[in-house]
Amino acid sequence: MSVYLSEFLGTMMMILLGDGVVAGVLLKGSKAEGAGWITITLAWGLAVLIGIYVAAASGAHMNPAITLALASLGKLAWGLVPGYIAAQMAGAFTGAVLVYLHYFALWPGTDDPAKKLGVFCTAPAVRHLPSNLLTEIIGTFVLVYGVLAIGANRMTEGLAPLAIALLVVVIGMCLGGPTGYAINPARDFAPRLAHALLPIPGKGGSDWGYAFVPIVGPVIGALGAAFFYHAVAG
């Protein structure tokens with residue numbers, strides 16, 4: 001399997017399951033309706049875990065911010081970066097379309113356009129763009145620094161995928177409240193684009209005015225974590 005196909009499939013699976021649990025919790029008439037934040041954060045961690053196993057052949061980045069961080073540390077050739085990111089975006093878009101199809105019968109019954117948008121992408125609890133940006137920077141810093149530490153730690157040998165999944169869970173529970181913890185440009189941008197293009201009944205706008213936050217914030221946080229890790233751990 002090529003590394004690009006690996007990234008496509010892993011990211012697609014992650015978004016299908018991750019956005020899928022949000023749809024189950026938010027859409028009216030779903031058997032999981034109202035299951036809450038704990039359900040979402042736990043399921044997102046498991047979605048990342050499954051994505052890691054699916055995308056093992058490429059190193060399971062599934063996140064442009066992680067790809068850029070690893071390239072900046074010399075752990076990935078820069079020539080592979082555009083293909084990795086394109087595959088991640090395509091996989092995330094496809095996963096979002098599959099969520100739309102899977103929950104096809106439930107969209108008309110949900111009146112709130114914000115909930116429909118929330119299935120696909122993140123939105124702040126309180127809209128204050130500087131704070132929202134900082135939240136995404138900090139969350140992604142923790143993600144990338146944690147991933148690098150887990151990868152270098154013999155204590156997690158053989159358990160790294162599970163450790164990373166738990167890292168995503170704890171980020172969601174502890175740091176995710178202000179913005180919904182995108183911590184991944186592909187996870188937010190590609191499904192947001194799918195929301196804009198798909199014929200979802202009563203969907204409202206896709207909030208492109210906020211879309212730069214879950215792109216710029218994770219990139220800054222990831223590169224900051226990579227430089228800090230290199231300075232501390234060598």
Side-chain angles (χ1 to χ4, degrees), residues 8-51 54 62-63 88-127 132 135-136 139 165 168-211 213-215 218:
F8 171 84
L9 293 174
T11 310
M12 179 189 73
M13 186 68 73
M14 178 183 71
I15 296 299
L16 170 59
L17 297 174
D19 281 3
V21 68
V22 181
V25 170
L26 294 185
L27 295 183
K28 188 174 179 59
S30 164
K31 290 182 180 293
E33 184 182 1
W37 187 247
I38 301 301
T39 298
I40 290 173
T41 54
L42 286 173
W44 256 108
L46 293 173
V48 170
L49 178 63
I50 299 305
V54 171
M62 303 181 297
N63 183 338
Q88 291 155 2
M89 290 292 183
F93 184 88
T94 304
V97 172
L98 290 174
V99 171
Y100 162 72
L101 294 173
H102 187 82
Y103 284 91
F104 188 81
L106 275 67
W107 299 108
T110 302
D111 296 328
D112 188 351
K115 288 186 176 181
K116 294 176 181 179
L117 179 60
V119 170
F120 293 89
C121 55
T122 62
V126 175
R127 196 181 188 93
N132 304 149
T135 296
E136 287 295 326
V168 172
V169 171
V170 77
I171 289 171
M173 289 182 174
C174 301
L175 303 175
T179 61
Y181 71 115
I183 58 175
N184 181 342
R187 173 265 174 277
D188 192 274
F189 175 78
R192 192 183 298 270
L193 181 61
H195 174 272
L197 297 177
L198 289 168
I200 303 166
K203 66 180 179 180
S206 301
D207 195 11
W208 289 108
Y210 180 77
V213 171
I215 295 174

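Distance check, rounded to the nearest 0.5 Å: CZ of R192 to OH of Y210 gives 7.5 Å. Atom CG of L117 is separated from atom NE2 of H195 by 4.5 Å, given to the nearest 0.5 angstrom. With rounding to the nearest 0.5 Å, the separation of CD1 in I183 from CD1 in I171 is 4.5 Å. W208 contributes atom CH2, which lies 8.0 Å from atom SG of C121 (distance to the nearest 0.5 angstrom). Rounding to the nearest 0.5 Å gives a distance of 10.5 Å between CE of M13 and CZ of F8. Atom CD1 of I200 and atom NZ of K116 lie 8.0 Å apart (nearest 0.5 Å).
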Evaluation steps, side chain to side chain contact (heavy atoms under 4.5 Å, CB included), between E136 and I215: CA-CA 9 Å; E136 287 295 326; I215 295 174; over 6 Å; no

Report the C-alpha distance between M14 and N184 in whole Å, list the side-chain angles of each, state the deciding distance to 0.1 Å, and finish with yes or no for side chain to side chain contact (heavy atoms under 4.5 Å, CB included). CA-CA 12 Å; M14 178 183 71; N184 181 342; 3.6 Å; yes

Verdict with supporting geometry, F93 and I15, side chain to side chain contact (heavy atoms under 4.5 Å, CB included): CA-CA 8 Å; F93 184 88; I15 296 299; over 6 Å; no

Side chain to side chain contact (heavy atoms under 4.5 Å, CB included), that's the test. Do L27 and V119 meet it? Break it down for me. CA-CA 8 Å; L27 295 183; V119 170; 4.2 Å; yes

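Using a 4.5 Å cut-off on side-chain heavy atoms (C-beta onward), T179 and T122 make no contact.
Residues G139 and L175 approach most closely at CA-CD1, 4.3 Å, considering heavy atoms. Taking every heavy atom of both residues into account, G118 and L26 meet most closely at C-CD1, 4.2 Å. The minimum heavy-atom distance linking A186 with P191 is given by the pair O-CD, 3.2 Å. Here the shortest heavy-atom pairing between A211 and P214 reads O-CD, 3.2 Å. Nearest heavy atom pair, residue A92 against residue T11, reads N-CG2, 3.7 Å. The two residues L106 and G29 come nearest to each other via the heavy atoms CD2-C, 4.1 Å.
Between the side chain of K115 and the backbone N or O of K28, no donor-acceptor pair lies under 3.5 Å. D188 contributes no side-chain N or O that, together with a main-chain N or O of Y181, makes up a donor-acceptor pair within less than 3.5 Å.
F120 pairs with exactly one of Y103, W107, Y100 by the ring-ring contact (aromatic ring centres under 6.0 Å, His included) rule, that one being W107.
In this structure T41 satisfies the side-chain hydrogen bond (donor to acceptor under 3.5 Å, both in side chains) test with no other residue, sequence neighbours excluded.
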Give the table of side-chain donor-acceptor pairs shorter than 3.5 Å for residues 18-25, with sequence neighbours excluded, one pair per line with atom names and distance.
none

